[in-house]
Amino acid sequence: MPVARPEPQEPRVIAHVDMDCFYVQVEQRRNPELRGQPTAVVQYNDWKGGGLIAVSYEARKFGVKRSMRGDEAKMVCPSINLIQVPVARDKADLNVYRSAGSEVVAILSTKGKCERASIDEVYLDLTDAAKEMLLESPPELSELIFEEATKSNILGLTSDVSNREDSMRAWLCRASADYQDKLLSCGAIIVAQLRVKVLEETQFTCSAGIAHNKMLAKLVSGMHKPAQQTVVPSSAVQDFLVSLPVKKMKQLGGKLGSSLQDDLGVNTVGDLQSYTEEKLQEYYGVNTGTWLWKIARGISGEEVEDRLLPKSHGCGKTFPGPKALKNNASVQTWLDRLCEELSERVQSDLNQNKRIAQTLTLYARACKKNESDSIKKFPSKSCPLRYGTVKIQEDAMKLFESGLHDFLGSQNTKWSITSLSVSASKIFDIPSGTGSILRYIKCPNSTVSPANLDCSSLPEDPSLGNKLYIAPNHEEHCEPSLSEKEHCEPSLSEKEDHGNNSNLAKRCQTKEEKKVSKKLTEVKGTCSILKFLSQSPPVLSEKRKFDSLICSHPGPESSSEPNQAEEYKSTQSVDRNSASSSTWMFNVEDIDPAVVEELPPEIQREIHGWIRPPKHASSKTRGSTISSYFLPAKRS
DNA sequence: ACGGATATAACA
DNA sequence: TTGTTATAT
């Protein structure tokens, strides 16, 4: 499980910011009448009033808890307002909360490294900003620190409010002698300012913890809620930890924490401290043992990642009891809905953030009738993610069938599905800037515009501003987990649907047209090349080399471009409100390898580079696999 | 017949 | 890797 990371020797200033009952606040902003009232956000109202997923502090006073039913909440708090999560496609739709979360992240990410930890939480590394503040304003700083930091709860100081100012002054006098504490209080000032800004610009309150590492910051961010912050000076760590129940520590809230209690009799972090590192390693392995030993002492080297966006997108639904899905048709129906939402989300991620997801995974929970064997898990299955709602739907269904096959084994019993979810992962940035393809496309002296080429169906291509990206292939797992090879081949209907594009594809077969094709690649303009590359050949070759092609072009055109093949339309941006450029996604399996052979040698060479990523490039370090294909050589 | 829907991370 | 498992909110 947890692994200890090397400890940075320089003390850092880390904050954990946590929105107060976030979903409730989002609803309160939408309907201000709810402010100050006992309120909870609930999903699916029909069974026992739905499940609570967020509870206002007013309601908490009545004993209302998350994971209560709406009905229970009404019992203990009759005046409670129950607000339902929006529903789309017959499932809970959390998008309003996601985008509210993004609003907050946009503000919180302005003062230092920022990691989106969840829909309503971030970590900040404010070390640089704090140091800067300390350097810039030495003289009058202590008074400023005082004023601002008064708003903080300082761990280790008395919580008696009447004494707070005095103890604060005392602490700050000390702090003036202690560089680390000074840094922390600067961090506290920055966080306080950020929280004010969040409140001003979003109307949301949040709480925060400020400490020298993530673990401690997280531990105290919820200590004084709502709308307060807490600082952990190093001097307070030991006293704080000794009496802290181990279960409160992040990662110890589950089985590992229980094992500490039940197997070792460790109830507090203080208890944990009496174990040697070696002993803990004996019980829990080298990694976890070391990690436990360190966190017991407040040591954690985990870095704040610089990431404002989620690493995956998923959507799912449970089908409890009688609602369980019992045949392929109902699974199909629900999978289609889930995939539709997922497709929208990956597509807008592509359009707005220029990120591309590479893997589609299907999860399910299933029961088998009769057999006591029903403990068996439904295996998750994944495959390359192909953009376009219909493709995702088709692929997800194949994954389901494959999983069901494994699940049932040889038996031929009845089954039922109690939960379904699909997710898109392995998301990569598409680097902006100029890769060699781009250079080629934009290079004026390589552009030839054959008069006889019919480009009328292509969008106007001003060449400047258009970009072509090609993502590397999946290689191995392209020979899919799906047993049938035909999976990768376009379906009959798909081929027919290509319409005018299939004409082009056919034409490409002839020698003459190959010549034309060659010229086409030299045509100035991304879209020409894209169209050229993306034709679906009648027969696909065994080796499918690429995964995807992406073309972005200036926004105004997106609404007025009509003549793309059906397939392209289906994958096109849905986000027509967005003023930014829209993005098309092309699946590489639709590229005719024979066509690639017609490309100019330098392009071919480059493409072969994509086909076979250099093995020495570590696939773990991001940027070396994908980015290196795009980034200009000089910039490496 | 369920705290649901999402997320991240480490493991084998 | 992929698929599984744990954890969190």
Side-chain angles (χ1 to χ4, degrees), chain A residues 1-5 18-23 40-45 47-55 65-70 72-73 84-87 91-95 97-98 101 115-121 123 218 221-222 247-259 284-285 287-288 291 302 305 307 309-324 338 341-342 345 358-365 367 376-384 399 402-403 406-407 416 418-427 474-477 480-481 619-620:
Chain A
M1 323 278 162
V3 173
R5 300 286 311 261
D18 196 329
M19 307 306 293
D20 305 322
C21 55
F22 188 47
Y23 291 11
V41 173
V42 72
Q43 53 190 2
Y44 306 129
N45 220 333
W47 195 67
K48 296 193 175 181
L52 274 56
I53 56 177
V55 181
K65 299 244 198 64
R66 206 168 27 93
S67 91
M68 266 184 175
R69 298 283 160 195
E72 303 173 60
Q84 278 186 256
V85 171
V87 170
K91 68 176 286 299
D93 178 3
L94 303 181
N95 280 326
Y97 310 115
R98 283 193 193 95
E115 173 181 334
R116 190 197 115 124
S118 80
I119 197 168
D120 73 335
E121 285 171 276
Y123 288 97
K218 165 85 178 172
S221 67
K247 282 273 199 176
K248 298 256 186 191
M249 308 271 303
K250 191 173 161 159
Q251 313 267 15
L252 297 185
K255 295 186 178 184
L256 183 53
S258 299
S259 166
Y284 297 107
N287 287 342
T288 304
W291 178 80
E302 196 188 338
E305 216 181 307
R307 179 175 54 77
L309 299 169
K311 285 182 161 179
S312 65
H313 304 286
C315 48
K317 180 165 177 62
T318 57
F319 308 96
K323 296 192 173 171
L338 294 172
E341 182 189 324
L342 186 66
R345 285 167 57 193
Q358 290 198 76
T359 304
L360 173 71
T361 307
L362 175 131
Y363 305 88
R365 266 189 7 215
C367 296
K376 187 171 172 185
K377 294 233 154 86
F378 192 101
S380 66
K381 295 283 169 187
S382 49
C383 71
L399 291 175
S402 162
D406 292 359
F407 176 70
S416 69
T418 56
S419 105
L420 273 181
S421 74
V422 287
S423 84
S425 59
K426 300 193 186 145
I427 303 179
H474 287 271
E475 292 199 297
E476 294 79 11
H477 72 184
S481 34
S619 64
K620 292 213 164 169

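Numbered from 1 within each chain, the chains take letters A, B, ... in sequence-line order.
If you check every strand for non-hydrogen atoms under 4.0 Å, S380(A) touches a base. Across all strands shown, L52(A) has no heavy atoms under 4.0 Å from either base or sugar-phosphate atoms. K323(A) comes within 4.0 angstrom of no nucleic acid atom, judged by non-hydrogen atoms across all strands. Counting non-hydrogen atoms under 4.0 angstrom, M249(A) reaches the backbone sugars and phosphates but no base. G316(A) comes within 4.0 angstrom of sugar-phosphate atoms only, judged by non-hydrogen atoms across all strands, and of no base. Heavy atoms of K218(A) sit under 4.0 angstrom from primed sugar atoms or phosphate atoms, though from no base atom.
Of the residues listed (L420(A), D406(A), L362(A)), the one engaging F378(A) in a side-chain contact (heavy atoms from CB on, under 4.5 Å) is L362(A), and it is the only one.
Put simply, CD on E72(A) is 10 Å from P on dG3(B), counting in whole angstrom units. Rounded to whole Å, atom C1' of dG3(B) lies 12 Å from atom CZ of R365(A). Nucleotide dT9(C) holds its C1' atom 15 Å from the OH atom of Y97(A), rounded to whole Å. Here the P atom of nucleotide dT9(C) and the NZ atom of K65(A) are 16 Å apart, to the nearest Å. With rounding to whole Å, L252(A) atom CG is found 8 Å from dA8(C) atom P. Protein atom CG of D93(A) is 14 Å distant from nucleotide atom C1' of dG4(B), rounded to whole Å. In this structure, NZ of K376(A) is placed 14 Å from C1' of dT4(C), rounded to the nearest angstrom. Rounded to whole angstrom, the span from the NZ atom of K317(A) across to the C1' atom of dG3(B) amounts to 14 Å.
When the side-chain nitrogen and oxygen atoms of S423(A) are compared with OP1 and OP2 of dA7(B), none of them lie within a distance under 4.0 Å. Taking 4.0 angstrom as the limit, S419(A) places none of its side-chain polar atoms (N or O) nearer than this to OP1 or OP2 of dC2(B). Between dT7(C) and K247(A), no contact under 4.0 Å exists linking OP1 or OP2 to a side-chain N or O. Look at R5(A) and you won't find any side-chain N or O under 4.0 angstrom from OP1 or OP2 of dA10(B). Distances shown here put every side-chain N or O of R116(A) at or beyond 4.0 Å from the OP1 or OP2 atom of dT8(B). At the phosphate of dA5(B), neither OP1 nor OP2 sits under 4.0 Å from any side-chain N or O atom of Y363(A). Dashed line: the shortest gap from a side-chain N or O of K311(A) to OP1 or OP2 of dT6(B) is not under 4.0 Å. In this model, the phosphate group of dC2(B) is not approached by any side-chain N or O of R69(A) to a distance below 4.0 Å at OP1 or OP2. Within the structure, a side-chain polar atom (N or O) of K426(A) is placed less than 4.0 Å from OP1 or OP2 of dT2(C). Contact annotation: R98(A) side-chain N/O to dA7(B) OP1/OP2 distance is under 4.0 Å.
When the nucleotides dA5(B), dA6(C), dA9(B) are ranked by their closest atom to the side chain of K255(A), dA6(C) comes out on top. For P320(A), the side-chain atoms get nearest to dA1(B) when compared with the rest of dG3(B), dA1(B), dT7(C). Nearest to the side-chain atoms of K250(A) among the listed nucleotides dT9(C), dA8(C), dA9(B) stands dA8(C). Of the listed nucleotides (dG3(C), dG4(B), dT6(B)), dG3(C) has the atom at the smallest distance from the side chain of S382(A). Here the nucleotide nearest the side chain of T418(A), chosen from dA10(B), dT7(C), dA1(B), is dA1(B). Distances from the side chain of R345(A) to the nucleotides dA7(B), dC11(B), dT5(C) place dA7(B) closest.
Comparing S312(A) and W47(A), the nucleotide of DNA chain B nearest to each residue sits closer to the 5' end for W47(A). Two residues, A324(A) and A92(A), neighbour DNA chain B, and the one matched to the more 5' nucleotide by heavy-atom proximity is A324(A).
Nucleotides dA9(B) and dT1(C) are separated by 16 Å at their C1' atoms, to the nearest Å. Rounded to the nearest Å, the gap between the C1' atom of dG3(B) and that of dT7(C) is 15 Å.
To the nearest 0.5 angstrom, L52(A) atom CG is 9.0 Å from R69(A) atom CZ. Between atom OG of residue S423(A) and atom NE2 of residue H313(A) there is a gap of 10.0 Å, rounded to the nearest 0.5 Å.
At distances below 3.5 Å, not a single donor-acceptor pair connects side-chain atoms of Y363(A) with backbone N or O atoms of S419(A). Counting only distance, with no hydrogens or angles, the side chain of E121(A) and the backbone of S118(A) share no donor-acceptor pair below 3.5 Å. Distance alone, capped at 3.5 Å, is enough to place a donor-acceptor pair between the S258(A) side chain and the G254(A) backbone.
For R98(A), the CZ atom sits in a packed shell: over 12 heavy atoms of surrounding residues, nucleotides or ligands are nearer than 6.0 Å.
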Worksheet entry | Step-by-step salt bridge (charged side-chain N to carboxylate O under 4.0 Å, His left out) determination, K311(A) to E305(A) | CA-CA 12 Å; K311(A) 285 182 161 179; E305(A) 216 181 307; 3.7 Å; yes

